[in-house]
Amino acid sequence: MDKQTILNVHETMLVIRKFEERALNLFETNKLRGSVHLSIGQEAVAATVGAYLRDEDYITSTHRGHGHAIAKGARADRAMAELMGKVTGYCGGRGGSMHIADVDKGNLGANAIVGGGIPHAAGAALSAKMRGTDQVAVTFFGDGASNEGIFHETLNMASIWKLPVIFICENNLYGMTTNVERVTSVKDIAVRGAAYDIPGVVVDGNDVFSVEKAFKKALKRAKAGDGPTLIEAKTYRWKGHWTGDPEMYRSRDEVSSWKEKCPILRLEAHMIENQLLTEEQIRTKHQEIDQLIDEAERFALESPEPDPSTVLDNVFDEGDQ
Amino acid sequence: MDKQTILNVHETMLVIRKFEERALNLFETNKLRGSVHLSIGQEAVAATVGAYLRDEDYITSTHRGHGHAIAKGARADRAMAELMGKVTGYCGGRGGSMHIADVDKGNLGANAIVGGGIPHAAGAALSAKMRGTDQVAVTFFGDGASNEGIFHETLNMASIWKLPVIFICENNLYGMTTNVERVTSVKDIAVRGAAYDIPGVVVDGNDVFSVEKAFKKALKRAKAGDGPTLIEAKTYRWKGHWTGDPEMYRSRDEVSSWKEKCPILRLEAHMIENQLLTEEQIRTKHQEIDQLIDEAERFALESPEPDPSTVLDNVFDEGDQ
Amino acid sequence: MSKKKYAVAIRDVIAEEMRSDERVFVMGEDIGALGGVFGCTRGLQKEFGTLRVLDTPISESGFVGIGIGAALTGMRPVIDFMYLDFVYVAMDQLLNQAAKLRYMYGGRASLPLVIRGQQGVGRGNAGTHSQSIEAFFTHIPGFKVVMPSNAYDAAGLLRTAIRENNPVMFIEHKALYIQTEEVPDDPDFMIPFGQAAVKRSGSDATIVATSLMVSRALEAAERLAEEGIEVEVIDPRTLIPFDIDTVITSVKKTGRALVVHEAHKNNGPGSEIASQIMEKGFRYLDAPVARLGAKACTLPFSLVLENAVVPSVEDIIQSVHEICYH
Amino acid sequence: MSKKKYAVAIRDVIAEEMRSDERVFVMGEDIGALGGVFGCTRGLQKEFGTLRVLDTPISESGFVGIGIGAALTGMRPVIDFMYLDFVYVAMDQLLNQAAKLRYMYGGRASLPLVIRGQQGVGRGNAGTHSQSIEAFFTHIPGFKVVMPSNAYDAAGLLRTAIRENNPVMFIEHKALYIQTEEVPDDPDFMIPFGQAAVKRSGSDATIVATSLMVSRALEAAERLAEEGIEVEVIDPRTLIPFDIDTVITSVKKTGRALVVHEAHKNNGPGSEIASQIMEKGFRYLDAPVARLGAKACTLPFSLVLENAVVPSVEDIIQSVHEICYH
Ligand SMILES: Cc1ncc(C[n+]2csc(CCOP(=O)(O)OP(=O)(O)O)c2C)c(N)n1
Ligand SMILES: Cc1ncc(C[n+]2csc(CCOP(=O)(O)OP(=O)(O)O)c2C)c(N)n1
Ligand SMILES: [Mg+2]
Ligand SMILES: [Mg+2]
């Protein structure tokens, strides 16, 4: 990873972290409502993948999708406005946290149905292949999603059609309150790649360089027309599944041991060690992002509510093809 | 396989073969209608598995299910009556060829939805486990079905719960008109077992002894509480996917090369070689079965049509629990 | 009688039925240690163990199918769907399998199977977590369809459902779980399917309302009474079977009817009910039967938009005005 | 004009649209070498290759999702469903995804996606291969729903569907594929959605009939004419959007209406249509709107039973008698 990419990945991780910390705060103070799932602790995966995607590449994401959206270029202000259901949000307040999308910029959407977005990425990859472009599609999903039938169906088709799609399973050890081991028959979800003749690789999802290595290889493979890769990133979510989760399914020790593996602190240590940024510069960066998030919050709070008389708009596209 | 079992398997194969040949003939002479899928050429799998199941064990089957039903003890006459939609059929004419079931005898049903019956077998196995019996459940399905999501979901759950269920994939090289290689990302579907930590084994589906060996091992494993096994039986259907299939997707040569591997002739050669039956005795057996099928045909033809005034019966079970 | 929340009433009935019938078990996502997202299985795994309170992977189609296999072979599964919207991924197992197997097998099998889940608005969960989708199960034959609007009914109907020999869609409402009611302690307390409850009597118009809409209809009725319009409010409690007789008896008296539900109005369950009222009560009708349901768009995330989509007390009042001053 | 079978009319429109628009492609099971079980894609793979006529594994949920991804990114997929009954395994991708994404994304995406499949009785395929399930797509907002009853309409409506920017359920009927009709050769021949066809005019009663039932309604009308009852027969052609104006205009004249479809009567599309007729035409009605649809049981395999379940010409005649002599 070159210096500029490292700086980008660092910045993206900070935006994700601080965006979500703020979202949690706004939720707790009743300034936003609904289902808000935080990816705090998992930022390295989204940020690293995002750094290697171009605008024209595609992603699909999940209920835990703020990080993926930001890494694919979403603005914090419009994303925050969407979390508040405001008209300036990415979906004009129609979608909320679980459906942030920006199709023109290649974010085909978060998806509130577990596994629901996986085939959409494969479809975008098929479309790229049909249109003869070198676009690549990435789909993020959780350990839990790998037990849905649609995971299986999509990997099989992506393999036989050699689609330029990369499957990224963020194994954060839990699906809601359920430990992955209790419901998943294999230790490493990556081994499931073999059932489709797809390379499966396990990476440390809290280490940007580990993610980078596997992802670059997958990108190369996809662009060469050799088909998909399944990457399993072992990581951890620090917060509850949902805001208010009593978290009785895991110990404080487990949580704090993972906090010690904070992907941001780890990258910052590397940056200091390799003299990419000083501690001072890092602190300044944090402040910059804090300001960005302040600004996003203000924008979202000040944005208007949607007009109820528009509620039936956009069920259909009435325009010409 | 002991002598008696060999004789049983041989007889079962003959019943299946002759039942289906007759069904085809009746279809072609407009005496029965609808979707009739024949398993001619694949008899070794059903017959061998059936020989090792007890009445209290369970099976679930597919649209190509006559053989499985017969091997699980279905009478040819009531099965033929069902193919004609007669009131004496296993389903009183409500289900037809694709839904023959005899739940009390452990046949939980053929299923016209590809993959639809796979979880039912796992459910029967779960039920056996809950009720503390040593019953085993077997589900038959095709190569095509292994690309349905429900295959994936069921194998995962069967594995984590160590259910006494055996997954038998009859890979007859085609799903309808589509060669398995064009739509399936792996050469051997058996390798998919590894994605669920389930042993996967390939057998020669036209050889009763090859099926026997794998199935006995799977039975032992299931009864020991060690969980499921995935058996892939490579075999071939001699007839079209449906009655009337123009079969443009395969060559005559391919079909005749597989006819040379006829599972019945193969077993008969073995029987003669090992002096289990003489040629004469085999001929007599054939005649016996021909008579059974004549009788079944007569029974079916002479049975009454259902009474239209009963059409709304049995939507619900109105009885006490 | 004990005062209980709707969620607790449900939990208690499941527990009692599990105690008295070994064949009853529950399966679903996060039902064990958590006790379900809404607490409807709280404490059950501790009492009955991990086999009879079976936590599943996120594999709805597969585990509904497994429930079917278990039901065919002597067990009585109660499957927890968390959000009923997720049934779409399991629709084949529900509508082609559970609903049809008994019939297709000529009546030679029974499927004692309860599918429980909650639906509706109330938590800002947006389009795929706020739907009301009972109409799928009233259209394809094979399911009994139950929609309790309060804790008392939830208890009585759930016991009937668990003891029923047929597939039952037991449709709860997320906004009702904290609703409290007196519930009989009788361990055999059951409410038969197909018996509507007349929640309020009146002579000027009949409202048929389900689930969360029952309370809105009652509120509207109180406000209409202030203007001298006396509304009869009927909660059918089960949609399959449907107690049309009670509705027609009411319409004979009032001559006017409105059907209110949270499902989409277009081709919603109210279309069937309105059509039946017309078929059986045409000569008593002084006005066309009115229908209210969610507007024809996906449920939006924004609260102001969501409120504009689902029938409100004001919408009900306005609709009653329209049929009364027709 | 050329005389064409319904199946051929469909095939030709797909081929023409694929020739004139590179973004159009077809995917589904056994559509390539075989050309589909009913021949609707015959010859296309030869002309357009294996990528644009894409044979899929038996993975309906996955390939509908892949179609959605392709539609979101500039392609215009036409997905072949062989038997529409199989949509149940793909219901989430259809009803939670295809139907909702545009709305949930605030209108900032379009989904030009056609789902084609046939339904209905006619080949003795029993319960899971004979259903008529348009009501799912008229209930959940987001799909246009098209039901051509003849080759001419099939051609004109399919071209509109393929050029439409929204998800379309294009619902064919297995018993109509060999039906023949004159079809315009104009490569831009389109029939707009939402325009009913008055198939026969009459003054005594209105029949609204869809798909296979249109011909049965016309046959019933001929026989009723012999007894002096003149029936107007309307084929709405699309259910979403629905041309209620043409229906009400007719009911104004006749005062009597019957809706006939092959889907189950209970909560079927006829419930919505009957309710709308009542809402908008109450004062013209001399009798309750009658409905005919499949009885409330799974479609049985036996032909005598199947015939007892689906509306027949006799059933239609009897129903018209009932509304006329009300
Ligand atoms: C089809 C479906 N089933 C269940 C749910 C409820 N649900 C939402 S998130 C979740 C857990 C997902 O786990 P995982 O895939 O590991 O993602 P994570 O939340 O850990 O990021 C569940 C069960 C859903 N949204 N969709
Ligand atoms: C869900 C579903 N999709 C498609 C079909 C149509 N169909 C019936 S049989 C069949 C092929 C099945 O192939 P395979 O599983 O290999 O079984 P085989 O017919 O070879 O025994 C297909 C596609 C169906 N019945 N159900
Ligand atoms: Mg997880
Ligand atoms: Mg096959």
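As the structure is a computational prediction, the values presented were derived from the model and not from experiment. Residue numbering restarts at 1 for every chain, and letters A, B, ... go by the order of the sequence lines.
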Chain D heavy atoms under 4.5 Å from [X]: which part of the residue, side chain, backbone, both or neither?
{"X": "A:Tyr58", "result": "side chain"}
{"X": "A:Ile160", "result": "side chain"}
{"X": "A:Val165", "result": "neither"}

If you count heavy-atom pairs under 4.5 Å with chain A, which of D:Met104, D:Arg102, D:Met75, D:Glu22 comes out on top? D:Arg102
Side chain, backbone, both or neither: which part of D:Lys144 has a heavy atom under 4.5 Å from chain A? both
Please state whether the side chain, the backbone, both or neither of D:Thr50 comes within less than 4.5 Å of a heavy atom of chain A. neither
Taking all atoms of both residues into account, what is the closest heavy-atom pair of [X] and [Y], and its distance?
{"X": "A:Asp317", "Y": "D:Asn166", "answer": "N-OD1, 2.7 Å"}
{"X": "D:Phe143", "Y": "A:Phe316", "answer": "O-CZ, 3.6 Å"}
{"X": "D:Gly106", "Y": "A:Asn314", "answer": "O-ND2, 3.5 Å"}
{"X": "D:Tyr103", "Y": "A:Arg94", "answer": "O-CB, 3.3 Å"}
{"X": "D:Ala109", "Y": "A:Val103", "answer": "CB-CG2, 3.8 Å"}
{"X": "A:Asn156", "Y": "D:Pro57", "answer": "ND2-CG, 3.7 Å"}

Could you tell me whether the side chain of [Y] reaches within less than 4.5 Å of the side chain of [X], counting heavy atoms only?
{"X": "A:Glu318", "Y": "D:Asn165", "value": "no"}
{"X": "D:Leu51", "Y": "A:Leu126", "value": "yes"}
{"X": "D:Phe63", "Y": "A:Thr154", "value": "no"}

Side chain A:Ser127, main chain D:Thr73, donor-acceptor under 3.5 Å: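 Yes, A:Ser127 side chain to D:Thr73 backbone: donor-acceptor pair under 3.5 Å.
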Side chain D:Arg108, main chain A:Gly92, donor-acceptor under 3.5 Å: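 No.
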Count the heavy atoms of every other residue, nucleotide or ligand shown that sit under 6.0 Å from NZ of A:Lys223, and state whether that count exceeds 12. yes
Greater than 12 external heavy atoms within 6.0 Å of D:Arg52's CZ: yes
Give every donor-acceptor pair under 3.5 Å between a side-chain atom in residues 108-123 of chain A and any protein atom, sequence neighbours left out.
from, atom 1, to, atom 2, distance (Å)
A:Asn111, OD1, A:Ile113, N, 3.2
A:Asn111, OD1, D:Gln97, NE2, 3.1
A:Asn111, ND2, D:Gln97, OE1, 2.7
A:His120, NE2, A:Gly116, O, 3.3
A:His120, NE2, D:Gln93, OE1, 2.8

Going by residue number, which parts of residues 110-118 of chain D are within reach of chain A, meaning a heavy-atom gap below 4.5 Å? D:Ser110
Just do the side-chain contact (heavy atoms from CB on, under 4.5 Å) check on A:Asp102 and D:Tyr105 with the steps written out, would you? CA-CA 8 Å; A:Asp102 192 5; D:Tyr105 293 176; over 6 Å; no
Please report the interatomic distance CH2(A:Trp161) to CG(D:Asp55), rounded to the nearest 0.5 Å.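 Nearest 0.5 Å value for the CH2-CG distance: 9.0 Å.
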